[in-house]
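Supplied in structure tokens, the structure appears directly below.
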Number of protein chains: 2
Amino acid sequence: MEVQSALAALAALAQETRLAVFRHLVEAGPEGMTVGRIGEALQVPAATLSFHLKELSHAGLVTGRQESRFIWYSANYEAMNGLIAYLTENCCRGQPDACGVGCTPAPKSTAAKRKKVPA
Amino acid sequence: MEVQSALAALAALAQETRLAVFRHLVEAGPEGMTVGRIGEALQVPAATLSFHLKELSHAGLVTGRQESRFIWYSANYEAMNGLIAYLTENCCRGQPDACGVGCTPAPKSTAAKRKKVPA
DNA sequence: TCCATAATTCCATAATTATGGAATTATTGA
DNA sequence: TCAATAATTCCATAATTATGGAATTATGGA
């Protein structure tokens, strides 16, 4: 990933509504969601949502596909992973063991959080 | 990670100089670098660098420790990993296999890139 | 063709952010 | 105490960005 695309992606995500939209789409999976459903879920006016979707789209973080009267937006997982790779690239000069807490994104908490069960 | 800290981190990284500083510190390891060395390496005027270090620091992405006349700044690896976890949280509703290219940041390209050797 | 629905563009206003020279504030060694 | 170096704060200017109602542009069903 080039510095300019990383910057575009970060700027796109650095806004409350867009971050929420993106995370929603990451969660939704490759099929994605229609603009209407996104706006409903997040309570965002259509014009505002359209503006933010365009920003995310320009940054390469989401893509839309027209399907009949609807546009389905979905997360671009490759871009997401590319951004993460860019941020962590060459962490500790490739000696991650020397990095204390580590250069690795922890045990990958993909699933929703679960309350810790007391012993 | 809370939405507000994620937003702060993303906003901090969404700026060319700060992104360069952060990646430089990620690469530098836990010891970090002095302000002077950073400015030298990236060719940034002191006042500008100071401003950006403050932003990164407020966002929790770096920390400075005074040591004699110098301030050593280092990346906060925990914050970095927290941000990544926040972005990928509950990816594909916890069924990453259904996600095509995947919810996982690829084979972890920590080390510097190497040219692929032709077969 | 006409109507209803989906989504985008237009636009003015408001708010936030980056820049870097000059002045200022630490910190240390002599 | 004084001088030298490290880093930050101050400040005015310039530039970018978010908001959402109203108008506009697809798209498909009747």
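Each chain gets a letter, A, B and so on, in the order its sequence line appears, and its residues count up from 1.
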pair B/L42-B/H24: side-chain heavy atoms closer than 4.5 Å: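 In contact.
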
Pull out every protein N or O sitting under 3.5 Å from an N or O of nucleotides 4-8 of chain C, one pair per line with the distance.
from  : atom 1 : to    : atom 2 : distance (Å)
C/dA7 : OP1    : A/V35 : N      : 3.3
C/dA7 : OP1    : A/I71 : N      : 3.2
C/dA7 : OP2    : A/G36 : N      : 2.8
C/dT8 : OP1    : A/Y73 : OH     : 2.8
C/dT8 : OP2    : A/S50 : OG     : 2.7
C/dT8 : O5'    : A/S50 : OG     : 2.9

CD of A/E55 versus C1' of D/dT19: gap in Å, rounded?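 Between C1' of D/dT19 and CD of A/E55: 13 Å.
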
Expressed in angstrom and rounded to an integer, what is the separation of B/M33 atom CE from D/dA6 atom P?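 B/M33 atom CE is separated from D/dA6 atom P by 14 Å.
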
For DNA chain D, whose closest nucleotide is more 5', that of A/V44 or that of A/S68?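 That would be A/V44.
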
What's the angle between the local helix axes at either end of the helix from C/dT1-D/dA30 to C/dA30-D/dT1, using five pairs per end and rounding to 10 degrees?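 It comes to 30° between the two terminal axes.
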
To the nearest angstrom, how far is B/L13 atom CG from C/dT17 atom C1'?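 Atom CG in B/L13 sits about 16 Å away from atom C1' in C/dT17.
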
Beyond-backbone contact of B/L53 with B/V35, side-chain heavy atoms, under 4.5 angstrom: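 When only atoms from C-beta onward are counted, B/V35 and B/L53 do touch, with a gap below 4.5 Å.
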
Taking the side chain as everything from C-beta on, heavy atoms only, tell me whether A/L56 gets closer than 4.5 Å to A/Y73.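 They are not in contact (no side-chain heavy atoms under 4.5 Å apart), so the answer is no.
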
Look at A/H52 and D/dT17 and indicate whether a side-chain polar atom (N or O) is within less than 4.0 Å of OP1 or OP2.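 For D/dT17, neither OP1 nor OP2 has a side-chain N or O of A/H52 closer than 4.0 Å.
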
Flag side-chain contact, heavy atom, 4.5 Å: A/T34 against A/I71: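 Not touching, per the 4.5 Å side-chain cut-off.
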
Nucleotide nearest B/Q15 when distance is taken to its side chain, options D/dA18, D/dT19, C/dA18: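 Nearest to the side chain of B/Q15 among the choices is C/dA18.
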
Tell me if a side-chain donor or acceptor on B/Q15 pairs with a main-chain N or O of B/A12 at a distance below 3.5 Å.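 Not confirmed, B/Q15 side chain does not pair with B/A12 backbone.
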
Calculate the interatomic distance between A/E16 atom CD and D/dT17 atom C1'; express it in whole Å.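 Nearest whole value for this atom pair: 15 Å.
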
Rounded to whole angstrom units, what separation is found between the CG atom of A/L42 and the C1' atom of D/dA18?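 A/L42 atom CG is separated from D/dA18 atom C1' by 17 Å.
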
Side-chain heavy atoms of A/C91 within contact of B/V26, under 4.5 Å: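 Yes - at least one pair of side-chain heavy atoms lies under 4.5 Å apart.
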
Take atom CD of A/E67 and atom C1' of D/dG28, then tell me their distance rounded to the nearest Å.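 It is 14 Å, rounded to the nearest whole Å.
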
Tell me the interatomic distance from A/R18, atom CZ, to D/dT19, atom C1', rounded to whole angstroms.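 Computing the A/R18:CZ to D/dT19:C1' distance gives 12 Å.
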
Between A/F51 and A/R18, what is the shortest heavy-atom contact and its length?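 Result for this residue pair: CE2-NH1, 4.1 Å.
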
Could you tell me if the side chain of A/S74 sits less than 4.5 Å from the side chain of A/T63, heavy atoms only?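 Of all side-chain heavy-atom pairs linking A/S74 with A/T63, at least one is under 4.5 Å.
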
For B/E67, is there an ion pair with B/R65 - N to carboxylate O distance below 4.0 angstrom?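 Yes, B/R65 and B/E67 are salt-bridged.
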
